[in-house]
Student: 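Before I ask anything, let me first share the structure, which is written out below as structure tokens.
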Amino acid sequence: MLLLGVVGVSWAAPLIRLALDDGAPALAIAAVRLSIAAPVMVGVATASGTDDLRGLRRGQAGLLLLSGLALAAHFALWVASLERTSIATGVVLVTAQPIFVSLGAWLFLRERPTRPVVIGTAIALAGAAILVSDDWGDLGTQWGNLLALLG
């Protein structure tokens, strides 16, 4: 199952690019992707017999809804970015969460980053800067890079 998941995730961006090249709207692609995954996840949660969904309190349901909206925004922004930037750049920028987590933990939670975290963040930022450096003259591509980063 893990191998199947890795293969599926690895092929997501190229398949999305093919759909975009065939004229499919970015938001439709994102919606279809979520529409395929949602019933599977609800089915697994229901079949697990743990009453995960039925036992939700009001606040938990609100957080679950907010999480779903954040995931929808993530996919909408990322798929839209692939219309304007390369697959490699879009994938690298959309998976920059560790950078934001380490910076957010430092700024908002007052967690002092360790030396390896600082070094890793610096390397990641330098790599991202090198990756997008060829795109400085093209505003359309830069817009795609920004959408991927926001995603």
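One-based numbering along the sequence shown.
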Student: Nearest 0.5 Å please: distance from the CG atom of D22 over to the CZ atom of R17.
Tutor: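 Output value for this atom pair is 12.0 Å.
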Student: Hey, what do you get for CD1 (I29) to CG (L18), rounding to the nearest 0.5 Å?
Tutor: 9.5 Å
Student: Nearest 0.5 Å, what's the CZ-CH2 distance between R84 and W143?
Tutor: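 R84 CZ to W143 CH2: 7.5 Å, rounded to 0.5 Å.
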Student: Any chance the side chains of T121 and S102 put a donor and an acceptor closer than 3.5 Å?
Tutor: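 Result is yes, a qualifying pair exists.
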Student: Output the distance between atom CD (E83) and atom CG (D21), rounded to the nearest 0.5 Å.
Tutor: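 The CD atom of E83 sits 9.5 Å away from the CG atom of D21.
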Student: For H74 and G151, which heavy atoms make the closest approach, and how far apart are they?
Tutor: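 Closest approach of H74 to G151, heavy atoms only: ND1-O, 2.8 Å.
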Student: Could you tell me whether the side chain of I16 reaches within less than 4.5 Å of the side chain of R33, counting heavy atoms only?
Tutor: yes
Student: As an exercise, state the distance from CG of L125 to CD1 of I99, rounded to the nearest 0.5 Å.
Tutor: 4.5 Å
Student: Going hydrophobic residue to hydrophobic residue with side-chain gaps under 4.5 angstrom, can you get from I36 over to L34?
Tutor: no
Student: Do the side chains of L93 and L20 join up, straight or via other hydrophobic residues, at under 4.5 Å, putting them in one cluster?
Tutor: no
Student: Nearest heavy-atom pair of G90 and L82: which atoms, and what distance?
Tutor: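 That would be CA-CD2, 4.3 Å.
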Student: Roughly how far apart are L77 CG and S81 OG, rounded to 0.5 Å?
Tutor: 8.0 Å
Student: Decide yes or no for W78 and L150: does some side-chain heavy atom of the first lie under 4.5 Å from some side-chain heavy atom of the second?
Tutor: no
Student: Side-chain contact test, heavy atoms from C-beta onward, threshold under 4.5 Å: evaluate it for N145 versus T89 and give yes or no.
Tutor: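 Side chain of N145 against side chain of T89, heavy atoms only: contact under 4.5 Å found.
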Student: side-chain contact (heavy atoms from CB on, under 4.5 Å) with V92: which of L131, L149, I87?
Tutor: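 Result for side-chain contact (heavy atoms from CB on, under 4.5 Å) with V92: L131.
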Student: Looking at every heavy atom in both V91 and A13, which two are closest together, and how far apart are they?
Tutor: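 Looking at all heavy atoms of both residues, the shortest contact is CG2-CB, 3.8 Å.
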Student: Is it the case that one hydrophobic cluster holds both I123 and V117, taking links as side-chain heavy atoms less than 4.5 Å apart, direct or via other members?
Tutor: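 No.
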Student: So, for A76 and L27, which heavy atoms are closest and what is the spacing to 0.1 Å?
Tutor: CB-CD2, 3.5 Å
